Amino acid sequence: MSQIEILDSVKAYLQREHGQFIAGEASRASDTAKIDLIDPATEQPLAQVASASTAELDAAVASAKRAFKGEWAQKTPYERGQLINRFADLIEANGEELAQLETLCSGKSIHLSRMLEVQQSAQSLRYYAGWATKISGETLTPSFPSMQGERYSAMTRREPVGVVAGIIPWNFSVMIANWKIGAALATGCTIVLKPSEFTPLTLLRLAELAIEAGIPAGVINVLNGEGAIGQQLIEHPDVAKVSFTGSVPTGMKVGQTAMAANLTRCTLELGGKNAAALLADADIDRAVGGLLQTGYVHQGQVCAAPERVFVHRSRIDELTSKLAAGLSQAKIGSPLDESVMFGPISNKPQFDKVCHYLEQAKRESRIVCGGNALDRAGYFVEPTIVQASSASETLMREETFGPVISFMPYDDESELLGLINDSPFGLSASVWTNDLSKAMRMIPEIEAGTVWVNMHTFVDPSVPFGGLKSSGLGREFGSAFIEDYTELKSVMLCY
Ligand code: NDP
């Protein structure tokens, strides 16, 4: 047992009265609903956060708009980059506090909170900081003939769109929020974040750190509350862009709300039912390691995680038995225990959903290992391997967002592309083979925003990430974000 000590600063932070962060200051309406934050590992209350009032919502958007037109607009790209870097430094300097808070609210293992929520957040921010000085337009020569000897010249400018509404899910709240903060700040936008009601505390702390870093008040605001607050935020006439990450049903509603509000531009990073395909020659030990790392990490609550695995019939028993042996070694317990690999599911609704899918799997498929909730306090379920015999089984079709992978044998590689693409989702996929030529021929045929070869769920800020089909619209990372956070303005000159 190596349970870590909770920092005094974390204990003190939990005791505070939490609400919103608007115009550089904490704000807390006295007459709105309070949301209880529950530790998913113990089911004990952690803290409360007050939902935003309509007046607070208006104040947050107004402060973001003021900063956008005012102090933030006066900063040069170089200064914006410097401030984003300073913010990243402070996230690292306060990393243990952020990691502990996030682990307490989300049940994520403390290792993951330190590595992904803190370190990778800081690294992503630095990536975006580098872009601040590299956003440019084009110079163009108009092609129509001149009428009276006059000449023309033209250029395009990339101008920040304005106030961004960043709507964040609970699974990686710090990291995903920082992707949106980095993109908004690098392009010169300001942002109002709406965290998930389950994980609001770290984003409130981030907003304080932004002020400490010297980012002007109003550039980053945080509004808390249930989905309705997100919806009101999207409907606000001064919101110029929505950057949403979450489930497909909510994403569809968000897209419709944004269109109806003001034709508000919208990017949607949504769920998946991601396929991994193991060809007959695949290195099984490597695949087992890869599935352990990516399919079960954070109890499977990762949007790009493999949830359907197609394995050549000649290798499926070897794969599932080695994977089951690997899972049996992994310790389940408190996410604050450094020797633990599996913590709880992040919240009660998600726990109920995963339990429902486990029951469904018992009825329709074969459970190879796991399959049950643990009889203890907290939202714990066993990491589970399901063997499906048909692609029409529920666990081969619906996103479980839990530590449950369904494996299905296939006989003929010509069936594989049909099986991989037989899904309304298209977020990610992976191909596992030693035959690079086969993989390269499959890649263009796979309907997914990202295809990995001999790995899965490796997300890097230099590589665009997003979904096809119902998994989303638009991309984060690479240079792709620039189009979504800036308006292309054309300027024409006559001389
Ligand atoms: P939800 O769609 O339930 O919620 C996402 C966010 O939207 C939350 O902040 C939620 O608030 C808010 N929200 C809910 N209703 C509305 C509304 N009508 N208008 C505006 N905002 C609203 O997703 P989860 O939080 O459950 O996250 C899990 C899902 O996110 C999975 O499907 C996963 O695949 C997907 N995801 C996708 C990623 C990607 O990059 N493609 C990355 C990570 C997750 P509240 O929580 O208070 O209801």
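Keep in mind the model is a prediction, meaning the values are calculated, not measured. No hydrogens, no waters, no symmetry mates; every other heavy atom, side chains included, goes into these values. When a ligand or atom number is given, it counts from 1 through the structure's own listing order.
With hydrogens and angles left out, the side-chain atoms of Ser428 and Asn274 include a donor and acceptor closer than 3.5 Å. Judged purely by distance below 3.5 Å, without hydrogens or angles, the side chains of Gln123 and Arg126 never pair a donor atom with an acceptor atom.
Between Lys194 and ligand 1, a contact under 3.5 Å exists for at least one N or O pair. Below 3.5 Å of separation, one finds an N or O of Leu270 facing an N or O of ligand 1. Where the criterion is an N or O separation shorter than 3.5 Å, residue side chain and backbone included, Glu197 meets it with respect to ligand 1. Ligand 1 has an N or O atom lying under 3.5 Å from an N or O atom of Ser247, backbone or side chain.
Each of Leu278, Val309, Leu319 was scored for a side-chain contact (heavy atoms from CB on, under 4.5 Å) with Trp432, with one residue passing: Leu278.
Of the protein's non-hydrogen atoms, the one nearest atom 9 (O) of ligand 1 is Ile168 O, 2.8 Å. Remark: minimum distance from atom 24 (P) of ligand 1 to any protein heavy atom is reached at Trp170 NE1, 3.4 Å.
Between atom 35 (C) of ligand 1 and the options Pro200, Gly246, Gly449, the minimum heavy-atom separation is to Gly246.
Counted within 6.0 Å of CD on Glu212, heavy atoms from surrounding residues, nucleotides or ligands total more than 12; the atom is thus considered enclosed.
At a distance under 4.0 Å, no protein heavy atom can be found next to atom 4 (O) of ligand 1.
Checked by atom type and distance alone, the side chain of Asn94 never pairs as donor or acceptor with a backbone atom of Glu97 at under 3.5 Å. Within the 3.5 Å criterion, the main-chain N or O of His18 finds a donor-acceptor partner in the side chain of Arg28.
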